[in-house]
There are 2 protein chains.
Amino acid sequence: MRGLHADTGYLLYRLGLRSGQLFNAFLQESGLRLRHYALLRFLATSKGALQRELSSRLGYDPSAIVGLVDDLEKLGFAERRPSPDDRRSRIVVLTADGRAFLRDTDEAGLRVTNDLLQPLDPAERETLHTLLQRIADTELNS
Amino acid sequence: MRGLHADTGYLLYRLGLRSGQLFNAFLQESGLRLRHYALLRFLATSKGALQRELSSRLGYDPSAIVGLVDDLEKLGFAERRPSPDDRRSRIVVLTADGRAFLRDTDEAGLRVTNDLLQPLDPAERETLHTLLQRIADTELNS
DNA sequence: CAACAACTATTGACGTCGACAATTATTGCT
DNA sequence: AGCAATAATTGTCGACGTCAATAGTTGTTG
């Protein structure tokens, strides 16, 4: 009978949980959660996105996006702007404060990942990242 | 500004979620969830375990173990037996039905992981597994 | 051009999950 | 004998994922 850790899929599941825990611990003092942080990071690369784009790219349900953007607006890290083309849509953009927050926490975020990958040397980390990226590219079609 | 997928920790988080989703989808028809399956798989390698062992090895809270074992008992896949040494403890063992269930679903479980790792060739899968295993060994101290 | 299908954001409901405190029964310590 | 520590259990709370339903808007097409 195969053991649990013989299964790469299960390992991914377990380490994914652990990674999320570490991220949330680091974000705790800022009052955000991993989901907010992911959304901010995505906005930082996109110059504004429709909520439905955020939903499909981040993999969260549209109804979840609503609350996340609400929270970020309250903190002044993001804004909803009306779309000129389509009055149904709102365009979510990063504010200057949001960008500053990302800049200030960037280093701490890197430390979380470094912590997790501690047992691997730099070349191995690169390899791991490349392999995961390949899976993510086809699996999350991003 | 770094993109989302520039961060290995975040990639792990996302792919871990995806892996869990795939596992749960495969388990749906059996009425179990990933947590039950993990517990069963662990029992299959252990010849009986105290619930507190299950808790520490699987990383679930002791209070979560209670419900999981309840469910598995209802399905006849596991049993609680009194511990001869310590009347506080119960020893959880796999039943014949539980073992049969694992045997019947083993192939489907492998297919889930194969599905996820599709973009990687066999050598790459082996590399990925080894790297993840190294992280898991130090991070989940198992 | 009027009716209808499709889409965007939003709200609400429901079950699951993870983390924690509290309780009961039992054991170990001293 | 008394008290701290432990195993299992129950209950609670917030976060989370999924799904259904709605309002407002756009696109289509008969």
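Computation of the quantities below employed the complete heavy-atom set of this structure, encompassing side-chain atoms and omitting hydrogens, waters and symmetry-equivalent molecules. Each chain gets a letter, A, B and so on, in the order its sequence line appears, and its residues count up from 1.
With hydrogens and angles left out, the side chain of A:S89 and the base of C:dC7 share no donor-acceptor pair within 3.5 Å.
For B:Q51, counting side-chain heavy atoms from C-beta on, the closest listed nucleotide (C:dC20, C:dA9, D:dT9) is D:dT9. You'll find that the side chain of B:R52 is closest to D:dA7, out of C:dA19, D:dC16, D:dA7. Checking C:dA19, D:dT9, D:dA15 against every side-chain atom of B:R90, the shortest atom distance belongs to D:dT9.
Checking A:Y37 against A:R33 by side-chain atom types alone, no donor-acceptor pair falls below 3.5 Å.
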Using distance only, find each side-chain donor-acceptor pair of residues 108-120 of chain A under 3.5 Å and give its atom names and separation, not counting sequence neighbours.
from, atom 1, to, atom 2, distance (Å)
A:T113, OG1, B:D7, OD1, 2.5
A:T113, OG1, B:D7, OD2, 3.4
A:N114, OD1, A:R125, NH1, 3.3

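Between the P atom of D:dC16 and the CG atom of A:L58 lies a distance of 13 Å, rounded to the nearest Å. Taking atom CG on A:L27 and atom C1' on D:dA15, their separation rounds to 14 Å, with Å as the unit. The distance from atom CG of A:D61 to atom C1' of C:dG12 is 12 Å, rounded to the nearest whole Å.
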Extract from the structure each pairing of a protein N or O with an N or O of nucleotides 25-27 of chain D at less than 3.5 Å, listing the distance.
from, atom 1, to, atom 2, distance (Å)
D:dT25, O2, A:R88, NH1, 3.4
D:dT26, OP1, A:R87, N, 3.2

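Where A:P62 and A:L17 meet DNA chain C, the nucleotide closest to each residue was compared, and A:P62 sits on the side nearer the 5' end. Summary of the strand contacts: B:I91 and A:H36 both lie near DNA chain D, and taking for each the nucleotide with the nearest heavy atom, the more 5' one is attributed to B:I91.
B:D61 is linked by a salt bridge (charged side-chain N to carboxylate O under 4.0 Å, His left out) to nothing, counting only residues two or more places apart in sequence or in another chain. B:E126 pairs by the salt bridge (charged side-chain N to carboxylate O under 4.0 Å, His left out) definition with nothing, not counting sequence neighbours. Residues satisfying the salt bridge (charged side-chain N to carboxylate O under 4.0 Å, His left out) test with A:R88, not counting sequence neighbours, are A:D86. By the salt bridge (charged side-chain N to carboxylate O under 4.0 Å, His left out) test, B:E53 is found to be paired with no residue, residues two or more places apart in sequence or in another chain being considered.
Hydrophobic side-chain contacts under 4.5 Å tie B:V93 into a cluster, directly or through other members, with B:L50, B:I91.
For residues 39-92 of chain A, the set of pairs meeting the ring pair (Phe, Tyr, Trp, His ring centres under 6.0 Å) definition, not counting sequence neighbours, comprises A:F77-A:F101.
Taking a 4.0 Å limit (strictly below) on heavy-atom distances, residues 66-80 of chain A reaches DNA chain C at A:V66, A:R80.
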